[in-house]
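These values consider heavy atoms only, across backbone and side chains, with no hydrogens, waters or symmetry-generated copies. Reminder, nothing fancy here: chain letters follow the sequence lines and each chain counts from 1.
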Amino acid sequence: MATTYVGERLKRLEDPELIVGAGNYMDDITLPGMAHVAILHSPYAHARILSVDTSRATALPGVVAVFTGKDMEADTNALPCAWQAGSVTNNVNTPRPLAVDEVHFVGDPVAFVVAEDLYTARDALDLIEVEYEPLPTVVDAEQATQEGAPQLHENAPNNVCMHWTAGNQAGTDTAFDQAEVVVSQKLINQRLIPTAMETRGAIGSYNAGTDEYTLWLSSQAPHVHRLLLAAFVLNVPEHKIRVIAPDIGGGFGSKIFIYPDMAIVAWASRKLNRPMKWIEDRQENYLWTSHGRDHTTHAEIAGTRDGKITGLRAKTYANLGGYLSSIAPGIPTTLYGRMATGVYKIPNTFVEVFGVYTNTAPVDAYRGAGRPEATYLVERMVDRFAREIGMDPAEVRRKNFIQPEDFPYDNGLGMLPYDSGDYEKALNRALELVGYQELRQQQTEALAQGRYIGVGFSSYVEVCGVAPSAWIGLNGQGWGAGLWESANVKVHLTGKVVVTTGTAPHGQGHVTTFSQIVADELGIPIEDVVVQYGDTQGQPFGLGTYGSRSLAVGGTAIHRSVTKIKDKAKKIAAHLLEASEEDLVWQDGKFMVKGSPDAAKTIQELALAAHVGYSLPPGMEPFLDETTYHDPPNCTFPFGTHICVVEVDPETGKVEFLRYLAVDDVGNVINPLIVDGQLHGGIVQGMAQAMWEQGVYDESGQLVTGTLMDYAIPKASMVPNFELDRTVTPTDVNPFGAKGAGEAGTIASAPAVVNAVVDALKPFGITHLDMPLTPERLWRAIQEKRNQPSDSATAPTGGSHPPGDASTPASGAGA
Amino acid sequence: MIPGQFDYHAPTTVQEAVQLLQEHGDEAKVLAGGHSLVPLMRLRLAAPSVLVDINRIPELRGINRTNGTVTIGATTTHATIERSEVLKRVLPMLPAAATVIGDPMVRNRGTFGGSLAHADPAGDWPAVALALNAEMRIVGPDGERTVPAGEFFVDLLTSAVEPGELLTHVSIPVPGGNVGMSYQKFGHPASGYAVTGVAAIVTLYENNYCLDCSIAITGAGTKATRATETENALRNQTLDEATMAQAAEQAGTGIDFLGDIYASEEYRQQLVKVYTKRALLAALHAANEGQSAEAQKTL
Ligand SMILES: Cc1cc2nc3c(=O)[nH]c(=O)nc-3n(C[C@H](O)[C@H](O)[C@H](O)COP(=O)(O)OP(=O)(O)OC[C@H]3O[C@@H](n4cnc5c(N)ncnc54)[C@H](O)[C@@H]3O)c2cc1C
């Protein structure tokens, strides 16, 4: 195949439309006769609803109707949980479209207003009178499992929704009993709030003539939303619902899930026979759109004095919030516990996870989903271990890496076999680029001047491109469906190509990437390809976009359809050229008879022949039109090493980034510009967890970080320039040899930052800090060490220089 | 995030504006840049039924210098101050402080007068105005009065501007002599507001002998506060790092410290010391570098 486009840093084909403001986002959509919906959310984290009086709200001029949970109860069911991993089947608690008797977090919906305009709808919310009986609350997952903690749901004693394990408990216990070195550490992986640029929205329109619904949803998976709404919530047949995902301003996972508002607009549009629009405001978005992470982990690592890791043990309390969100149970189990050993061969590992209900917003997949938590666990513990035995952190990593000859590699935790990897190569490249020896020297020199510089590593592997249906669906992982992807490719009479994909891009640049592939494969200009998505009418079923799956799974489906098109076109070419198929070769975008370049047919010529249909091989159907449902044979496992260099101001605890370098291996790259963009954004998101973001509830379950004035999302001015490089270890899982790239940056970066900061504070004897690394947290840790007579190292006091022995960085890890 | 209903007026003279405010009493609010008021309205923490937009009153906008005084109109935006060549020459702390307020969008709309009148404990201008001994000109139904900055910041979100009154202009004396000034800020990572901001001005005689010094602190407590003890400790001293660091230890005296989930009271106490020291060092450095050379020439 002559590649013209694949591998090129092509600018995104999607951008001109968005840049000139011609995009079509949720709030751009207006339908004739449309009414506006405002939703009333519970101000209590846990309470019984005693009564709801809507009379004053209903009387407000401009209000069309006000509905409560009781009004919707008969027609609608609770939302489904579609990934019941971790044996949760007996205690699933999912939200109803509107709460009826009890609320379980601040933000739980209790009523909604329909009005002629949004302002009236919002005003009417203040007139709804709800009488609550407040109940005791618990917001911390580990505390929620203790005796006497407030109980959320009757079917989940001690608020435990699931208790799940992976690995080898007996072997791990023995490994720890016999270990030369054991290091224990409690790790908090704090709650994050996804913060897509565009909040969510839902528009419903019901056609009384056909009894059909059209729903516009902020959706990363429109077909799945249709299916779940139809089959579980609305009691409406699937084929009577059409779901459209218009332009979507980011999601990071939060728009995979099914939410009450989707049912509300559908139900109300029928009830009132008018189109209904609901647009989430940022405050609502923070209160009730699913959050991410929120793990408390008691971790232990065992090993030998010479740097071999022999065991890893983790007990994790995963906060799931007040109800189960759509795929919540799978995140801290399949996507976390099964990836706990990361890039290392750790012979004995045991992970135990408690999934816990608390009076907080539901927690579900958020960029990386489980793998950032797993990477943080293992990368932080490997660093703790290296520090404990006084070995360079790069050297400890090198000593324990899974080796290239070990692939496919079974990590013993129930994960699919890792497809391919060369972890040391990526580490070596990163060390070389960063100038590791010199960097360590600079660190020592700086310390002598009272400056605290730190170098942090994160060597990661992640699982993405989810997933073989036979594994995720059947083999105890609990996913309630397959995870294949569909594609249809048509070549029209004029040679223009229409691709429809079941993936649902919302910022990833699929149109560009997929067009590059198709144009190259068919030997046509990229302008001749159109990629369609995001509408259940017009696309075969699609599982959607998440888990860095769209190229590996969706792209492969497209590739297979194109291959089928070419197979058929070849037959037509043979017919027209009066040659045998065996004598034809595909070259320079044409089928030509071997040795006679003049006897050739382009795909455009063949498409014309296929369309007009009067000169086809006997029995052949007209038209070039092929559909594929691709079920991947395996996931893909991208990897790499990130290195972060920081300086900490000991007077204030403020962290400054000096460098951030990433060597990622995502296999072959279709569009390096898009992959770099994904990595930039990903790294920033992980860095933001390490440094700034945290979703905080107070004890009564009020969200303290409820606005963007409190919840610190990163700005461009807050992050350093990124030095990116790649190694290329192709996978055999798909025809491109490509692995996922959408989440890798986020998965890798948080531990690199934390390890760097802890390294910078090593002279003080500080061995761990929880995220986010706020200046106060660092300052306090330094103060504490200064005020206590330290054990090994004498902590430096203000102004004076630290003693030499504590400041000597471990050596021996040259690139 | 939809505000309640309100009526909107856009007067073109101060008199008209004051009349409207008087007419509507407690129901009315002045709208300047809207960057504090509108967020409150969107959260329905404020629900004025009348807004008096003062952006179309020409006399309230602009920077004027006459002799030893610079007068800044209340609706002058942060961005205008940031770019003012006059201020860069004679009161360089003002444009420098403007660059650390929010982001370009905030600076393009937010106003000097709005920020001062609002008296946000984390606003940057209160410290700068206080350190520079600014005078606030306020017009009300009974005419104009002048309030020195030292009496202007009353409490948390409370300035000397009474309901029905308009802050029209701020007059700032241009300090003479060998002067250096600096504003140093520790910003909140989410809001950008000051967790602690310190404005310091030093006036030197030969060999870094401190004739006068003025220090004001914002962000740490309920209102912008002068660091009087630190100032006293430095006047008539020879300034060097150790002296300033030692004096900065007293900078928190008199501050009613605030704490929140991002920065506790204790941590803010630390920040006040560190940022006072840094602001003094930067001011000393500026004086030594002849920051105020232009100011001296023109006086
Ligand atoms: C995202 C964001 C970040 C920000 N970051 C910072 C920052 O880093 N540092 C900082 O200092 N500020 C910051 N601000 C605030 C910004 O500087 C505002 O400009 C300022 O707080 C208020 O000025 P305004 O002109 O917008 O006033 P408005 O919001 O219009 O008014 C504020 C209050 O003052 C009253 N008022 C306004 N003008 C007058 C007047 N002339 N006379 C009498 N009363 C009046 C109003 O009635 C109202 O009560 C930020 C704001 C936002 C939205």
Side-chain angles (χ1 to χ4, degrees), chain A residues 36 38 62 115 117-126 193 195 199 279-286 649-655 688 691-698 703-718 772-780 782-783 798-799, chain B residues 1-6 35-36 38-45 47 49 99-100 102-106 120 122-123 184-196 198 220 241-242 245-246 248-249 259-278 281:
Chain A
H36 296 262
D117 64 82
L118 182 55
Y119 296 87
T120 307
R122 176 59 190 82
D123 286 348
L125 288 186
D126 294 342
I193 306 182
T195 322
T199 58
I279 300 289
E280 184 181 59
D281 71 28
R282 185 62 70 186
Q283 234 186 337
E284 279 181 299
N285 178 252
Y286 267 36
D649 173 355
E651 278 188 318
T652 61
K654 215 170 175 177
V655 175
M691 295 290 297
W692 305 293
E693 295 188 28
Q694 64 175 333
V696 180
Y697 284 94
D698 69 14
L703 183 62
V704 181
T705 51
T707 75
L708 285 166
M709 293 300 252
D710 312 294
Y711 186 88
I713 61 164
K715 287 121 200 133
S717 59
M718 292 156 76
L773 301 171
T774 62
E776 173 159 9
R777 179 167 279 160
L778 269 58
W779 175 74
R780 281 191 183 278
I782 293 168
Q783 290 302 104
Chain B
M1 294 206 162
I2 304 288
Q5 198 172 330
F6 55 85
H35 269 49
S36 290
V38 174
L40 291 173
M41 289 170 65
R42 282 165 13 113
L43 296 170
R44 298 200 174 207
L45 296 171
S49 57
T99 64
V100 297
D103 52 39
M105 283 93 83
V106 172
D120 192 301
Q184 296 290 321
K185 172 180 182 178
F186 182 106
H188 190 286
S191 70
Y193 276 92
V195 177
T196 290
V198 181
E241 184 165 354
Q246 202 191 349
E249 289 292 309
D260 59 27
I261 58 161
Y262 182 70
S264 67
E265 284 180 41
E266 197 185 344
Y267 182 60
R268 281 167 205 252
Q269 285 167 8
Q270 168 72 3
L271 288 181
V272 163
K273 292 174 193 169
V274 174
Y275 277 75
T276 300
K277 180 181 77 183
R278 291 180 185 178
L281 275 167

S.K.: Could you grab the distance from atom OG1 of A:T705 to atom OH of B:Y262, nearest 0.5 Å is fine?
M.R.: 14.0 Å

S.K.: Would you mind telling me which of B:A263, B:G4, B:P39, B:P189 has the largest number of heavy-atom pairs within less than 4.5 Å of chain A?
M.R.: B:P189

S.K.: To the closest 0.5 Å, what do you measure between OG1 (A:T707) and CG (B:L43)?
M.R.: 7.0 Å

S.K.: So which of A:D698, A:V696, A:I713, A:D649 has the largest heavy-atom pair count under 4.5 angstrom toward chain B?
M.R.: A:D649

S.K.: Is there a salt bridge (Lys or Arg N to Asp or Glu O under 4.0 Å) between B:R44 and A:D126 once you walk through the steps?
M.R.: CA-CA 10 Å; B:R44 298 200 174 207; A:D126 294 342; 3.1 Å; yes

S.K.: Nearest heavy-atom pair of A:Y119 and B:P3: which atoms, and what distance?
M.R.: CD2-O, 4.3 Å

S.K.: Between A:E651 and B:K273, does any NZ, NE, NH1 or NH2 come within less than 4.0 Å of an OD or OE carboxylate oxygen?
M.R.: no

S.K.: Counting only N and O atoms by type, is there a donor-acceptor contact under 3.5 Å from the side chain of A:E776 to the main-chain atoms of B:S264?
M.R.: yes

S.K.: Between B:V274 and A:K654, is the side-chain contact (heavy atoms from CB on, under 4.5 Å) condition met? List the steps.
M.R.: CA-CA 12 Å; B:V274 174; A:K654 215 170 175 177; over 6 Å; no

S.K.: Heavy-atom cut-off 4.5 Å, strictly under: side chain, backbone, both or neither for A:D710 against chain B?
M.R.: backbone

S.K.: Checking heavy atoms, do the side chain of B:L271, its backbone, both or neither come under 4.5 Å from chain A?
M.R.: side chain

S.K.: Side chain, backbone, both or neither: which part of A:P772 has a non-hydrogen atom closer than 4.5 Å to chain B?
M.R.: neither

S.K.: Quick one, A:R780 with B:E266, criterion side-chain contact (heavy atoms from CB on, under 4.5 Å). Give me CA distance, side-chain angles, the key distance, then yes/no.
M.R.: CA-CA 10 Å; A:R780 281 191 183 278; B:E266 197 185 344; 3.0 Å; yes

